[in-house]
Each structure stands twice: as C-alpha cells, then as structure tokens.
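What follows is a short report on a single structure.
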Amino acid sequence: MGEILPYLYLLKIGGRYGFSMTEQSAVNAHQPRPNIFDRYVCSPTIFRSNREILRPSYIPSSLPHREREIDQLAAIISIGLNGDRPSNVLVFGKTGTGKTATVRFISNEASRMTRERKIEFLYVNCCEADTNYGVVQYMVNSFITNPEERAPYNGWSMERIYTLFKEKTEQLGRLVVVVLDELDRLVYKAGDDLLYNLSRINDDLKNSKLSIIGIANDLKFTDFLDARVRSRLGEERIVFSPYNAGELSDILRDRAGLVFQEGVLDEDVIPLCSALAAQEHGDARRALELLRVAGESAERERRTKITAADVYRAKEKIELDTVSETLRTLPYQSKILLMSIIIHSEKRSMMTTGDVYEVYRNLCNSVGVQPLTQRRIGDLLSELDMLGILRARVRSFGRGGRTKEVELAVPINETRDILAGDELLKSYRTSHARVQTTLI
DNA sequence: CATCCACAGGAAGATCTGGTAG
DNA sequence: CTACCAGATCTTCCTGTGGATG
C-alpha cells in the first residue's frame with residue numbers, strides 16, 4: 001500500500017472564489033423589495049454595449065495596422081480554397097501583437113467564403129492542451145458531436161488516439177488547417193514528436209489534406225525541433241512586430257467607440273493606456289485590459305467619467321490580481337516553501353538554497369508533512385522565480401560554495417495573508433511560534 | 001595556482017494518478 | 001481483477017563549477 005500524502009487532501013481547499021456577475025443575472029433583479037444587487041446594477045452611464053469587446057477573445061471586424069500580415073496569411077490560405085494544400089506557416093510575435101486575432105480573423109473569413117466549407121479550421125491552444133496526447137485528444141473531440149463517443153482524457157495509447165484523428169480527418173474529405181497557438185510552450189514541454197507526426201500526416205491521407213499554422217512567442221523555439229520538422233513546418237514565416245503607442249491608440253479608439261458611452265473618456269485616457277502598454281513590448285491585450293478595468297472601476301463608483309487616475313489604479317489592480325491569483329493556485333508544497341521563505345525574510349531578506357531548505361524542513365515537521373528532497377526544492381525555487389514571485393540567481397561565494405541566492409519579489413505581508421487564507425493557515429498559526437524558536 | 005565549498009542541474013527511473021480494456 | 005497508458009511529480013545518483021582562500 002502506498003503512503004497517503006496528506007497534502008493531496010489539504011490542497012483541495014482554498015480554490016477559486018471569484019464569481020463574476022453576468023449580464024443575465026441583472027435581468028432578474030426587479031423585485032418588490034430591494035435586492036442586494038440593486039446598487040451594482042446601475043444605469044448604463046459608462047458602458048453602452050457588451051464589454052466583452054474589450055476582452056482578448058473578441059475578434060473585431062477589422063484589425064488596424066495588421067493589413068500586411070493579414071494579406072500574407074490570406075495569400076497562403078487562399079491556396080486551400082482552390083483545393084490545394086497551403087504551406088505550413090509559423091507565426092511569430094510577442095504577446096498581444098495580434099497573432100491569434102489575425103489567424104482567427106482569417107479563419108472566419110475563409111469559412112464564410114464559400115457555402116460548402118472547403119476548409120476546416122481546428123484551433124488548439126497549447127497552453128490548455130499542453131501535452132502531445134492532450135492536443136490530439138482535443139482535436140479528435142472537436143470532430144465528434146456525440147458526447148458519448150468523445151475520446152477520454154487519459155487511458156488510451158498515443159497510437160490509438162492518433163489513428164482515430166487520422167480517420168476522422170480522412171472522413172472529412174477536405175482541407176484541415178490545424179492552428180497550434182502557443183506552440184513554443186508545447187515544444188518546450190513535450191518535445192516535437194507530435195509535430196513530426198502531424199507534418200507528415202499527408203503521406204497517409206487520401207481524401208483530405210492537412211496544413212499547420214503554428215503560433216509562437218519565441219523565435220528560437222525552432223532550434224529545439226528536429227531538422228526535418230523544422231523545414232516542413234517553417235515553409236512560410238510571418239513575424240508580427242510589437243505595436244507602438246500610436247498604433248495602440250488607434251486600436252483602443254476603435255474599440256472604445258463601440259463600448260463606451262459618448263464622452264465618458266477623458267482625452268488623456270487612451271494615450272495613457274497606450275503608453276503604459278507600449279512600455280510592455282506593445283501588448284494590445286494589456287492596453288485593452290487597462291481600459292476595461294478603468295471603466296469598470298468608474299462604473300462601480302457610479303461616476304460618468306473615466307480619468308487617468310482610473311487607469312493608474314487599473315494598472316495596480318491588474319498587477320495585484322495577477323500575483324494573488326498565482327499565489328492562490330500554487331501547489332501545496334510550493335506554498336509551504338514560500339511560507340518558509342517568508343519566515344526567513346522576517347529575519348534576513350537574502351538567503352541561500354540551504355537556508356531555505358532548513359526552514360522548510362522545520363516547517364514541514366511542525367505542519368506534519370513529508371518534506372521533499374533538496375534537489376526538488378531547488379527546482380521549485382526556480383519555478384517560483386519564473387512566476388516572478390522570487391528572485392533567484394546563482395551566485396558563487398568562492399569557498400563558501402555555489403548556490404542560488406533567493407529573495408522575495410512580492411510584498412511580504414500581502415503574500416503571507418494570501419497564503420494564510422489557505423488551509424495552511426491553521427497549521428501555520430499554531431506552528432508559527434515553534435518554527436520561530438527552532439530557527440534560532 | 002590548486003583546492004574546495006555548497007550547491008546547480010542533467011539523467012534515469014520510481015511512484016502515483018486517473019483513466020481504458022479485456 | 002490484471003495489464004497497460006500518458007503524464008506529473010519526486011528521488012537517487014551523478015558530474016560540473018565560480019571564485020575566495022590558503
């Protein structure tokens with residue numbers, strides 16, 4: 001019998017609580033006695049239509065400053081409308097440069113081009129389906145309408161699910177364009193086996209053809225591909241450059257016109273959102289988010305104007321929300337580790353892997369959890385560094401050895417509070433005093 | 001200039017999870 | 001029930017190393 005690890009159960013607690021109020025729930029609000037939601041369901045003073053238009057999932061009817069890229073991609077895909085197989089394409093660009101929007105735009109256009117659909121687009125986000133099996137399973141299931149026939153999340157062999165995918169593609173009898181968004185993530189995590197198979201699938205297909213559009217942030221990910229895969233996949237390349245502040249302003253103005261009531265935006269709001277987002281590698285997604293959150297905060301306070309101050313506040317809110325969401329969804333062991341770092345930070349802000357590990361072991365003991373090995377903790381520290389929660393850099397102290405120097409990169413008190421909101425708190429509160437004494 | 005500390009971090013493989021299939 | 005699957009997580013074992021120090 002395997003040992004039961006207690007953290008598996010404790011981990012379940014403290015999940016996500018964020019309920020978002022939908023437009024529909026507002027409809028049921030008129031009742032004889034005052035409803036608690038009344039004061040939130042105010043008259044439309046700020047937003048005039050669906051604020052979803054400001055979310056990244058929304059595909060607008062035109063994409064300003066992406067005409068060249070749209071042309072390039074359309075030229076490639078149009079080959080498919082004549083019954084031939086378009087080249088595989090790799091699309092590169094930083095987050096929020098309009099890669100996904102452009103590809104989706106093209107796929108929408110291609111789909112309504114002819115009455116009988118000649119091209120079937122399969123969109124897969126490789127962040128959500130982030131394993132080879134996961135991607136194929138997702139693609140197979142998007143062919144299947146009957147829920148009882150859907151492929152399971154696990155249990156099947158890779159070969160079985162891949163064969164089914166080939167069969168389904170073949171049955172379709174037309175061009176299938178597979179869009180693999182965030183492809184670099186998949187390759188880093190799961191290698192290029194799937195790409196190898198997909199890129200030569202046409203050898204086995206008679207009635208159908210398959211093309212691949214790979215979307216990636218990182219230009220260098222192709223270095224990790226097998227040479228054959230690299231040449232087959234990168235038949236065409238399109239690079240999206242970041243938007244500059246002026247271009248971001250155009251995008252924001254377009255969308256703001258659709259979403260906001262006339263005259264609610266102070267004139268410096270859009271330039272400010274654009275400037276802030278331009279600092280972050282021209283991320284349109286960020287610019288739109290700033291605008292939306294600023295609008296929501298003005299609405300909540302029942303004001304009729306959105307000001308620059310709202311934008312600055314939105315910026316802070318977004319940053320804080322991102323961090324606290326990351327903290328809340330951390331695995332249990334990482335939370336214990338982070339708590340150890342906080343405990344140590346109260347004495348000294350800089351620490352080495354060895355320091356952290358000692359505190360961590362003590363904390364595990366007092367909480368009653370089996371501690372992980374130092375090797376593993378080293379990896380977890382690197383993960384927390386990647387998430388931006390820590391700063392961990394490798395440093396040599398000569399004869400003092402070579403180690404990671406670790407420092408907390410988020411505010412200590414807020415972080416402790418968020419971690420303490422978890423079940424961990426109960427153990428931590430009771431054990432805190434003991435841990436403190438064992439440290440000295 | 002060799003030594004040596006305190007790890008870093010790669011490789012391989014064990015263990016566990018949540019499933020299918022016979 | 002057993003055999004098997006993919007993937008996540010973690011351990012064991014290992015070689016490598018920057019630079020202060022004797």
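To find a chain, count down the sequence lines: A is the first, B the second, and so on, and within it residues start at 1. What you see is a predicted model, and the numbers here were worked out from it, not measured in a lab.
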With A:Thr352 via side-chain hydrogen bond (donor to acceptor under 3.5 Å, both in side chains) - residues at least two apart: A:Asp355
Does A:Asn217 offer a backbone N or O that forms a donor-acceptor pair with the side chain of A:Asp184 under 3.5 Å? yes
Does A:Glu289 pair with A:Arg286 as a salt bridge, N-O distance under 4.0 Å? yes
A:Tyr360 side chain reached by A:Leu372 side chain, heavy atoms, under 4.5 Å: yes
Could you tell me whether a side-chain N or O of A:Asn88 sits under 3.5 Å from a main-chain N or O of A:Arg232, the two making a donor and an acceptor? yes
Sorted by number, residues from residues 394-402 of chain A placing a heavy atom under 4.0 Å from DNA chain B are A:Val394, A:Gly398, A:Arg399, A:Gly400, A:Gly401, A:Arg402
Under 6.0 Å between the ring centres of A:Phe240 and A:Phe92? no
Within residues 384-393 of chain A, find the residues that approach DNA chain B with a heavy atom at under 4.0 Å, and present them sorted by residue number. none
The criterion is side chain to side chain contact (heavy atoms under 4.5 Å, CB included); which residues satisfy it with A:Ala392, sequence neighbours excluded? A:Asp385, A:Lys404, A:Val406
Kindly calculate the angle separating the two end axes of the helix from B:dC1-C:dG22 to B:dG22-C:dC1, each obtained from five base pairs, and round it to 10 degrees. 20°
Candidate nucleotides C:dC13, B:dG19, B:dC7, ranked by approach to the side chain of A:Thr352 - the nearest: B:dC7
Among residues at least two apart in sequence or on other chains, which ones pass side chain to side chain contact (heavy atoms under 4.5 Å, CB included) with A:Lys206? A:Glu170
Write down the distance between CG (A:Asp379) and C1' (B:dA12), rounded to a whole number of angstrom. 14 Å
Under the side chain to side chain contact (heavy atoms under 4.5 Å, CB included) test, residues paired with A:Gln374 that sit two or more places apart: A:Thr353, A:Tyr357
For A:Arg402, enumerate each residue passing the side-chain hydrogen bond (donor to acceptor under 3.5 Å, both in side chains) test, keeping only those at least two apart in sequence or located in another chain. none
Candidate nucleotides C:dT11, B:dC7, B:dG19, ranked by approach to the side chain of A:Leu372 - the nearest: C:dT11
Whole-Å gap separating P (B:dT20) and CD (A:Gln137): 11 Å
Whether each nucleotide of nucleotides 2-8 of chain C has a protein heavy atom under 4.0 Å at its base (B), only at its sugar-phosphate (S) or at neither (-) is summarised, 5' to 3', as ---BSSS
Mind checking side-chain hydrogen bond (donor to acceptor under 3.5 Å, both in side chains) for A:Ser396 and listing every partner two or more places apart, or none if nothing turns up? none
Can you measure A:Arg375 atom CZ to B:dA12 atom C1' for me and round it to whole angstrom units? 12 Å
May I have the distance from A:Glu405 (atom CD) to B:dC5 (atom P), rounded to whole angstrom? 20 Å
When the distance from CG of A:Leu164 to P of B:dA21 is rounded to whole Å, what number comes out? 11 Å
Distance in angstrom units between A:Gln374 CD and C:dT11 P, rounded: 12 Å
Touch check for A:Gly378, heavy atoms < 4.0 angstrom, all strands: base, sugar-phosphate only, or nothing? nothing
What residues, two or more places apart in sequence or in another chain, satisfy salt bridge (charged side-chain N to carboxylate O under 4.0 Å, His left out) together with A:Glu182? none
Who passes side-chain hydrogen bond (donor to acceptor under 3.5 Å, both in side chains) against A:Thr222, sequence neighbours left out? none
For atom CD of A:Glu358 and atom P of B:dA6, their distance in whole Å: 13 Å
Reported OG1-to-CH2 distance for the pair A:Thr163 and A:Trp156, which is rounded to 0.5 angstrom: 10.0 Å
Rounded to whole Å, CG of A:Leu380 lies from P of B:dG9 at a distance of 14 Å
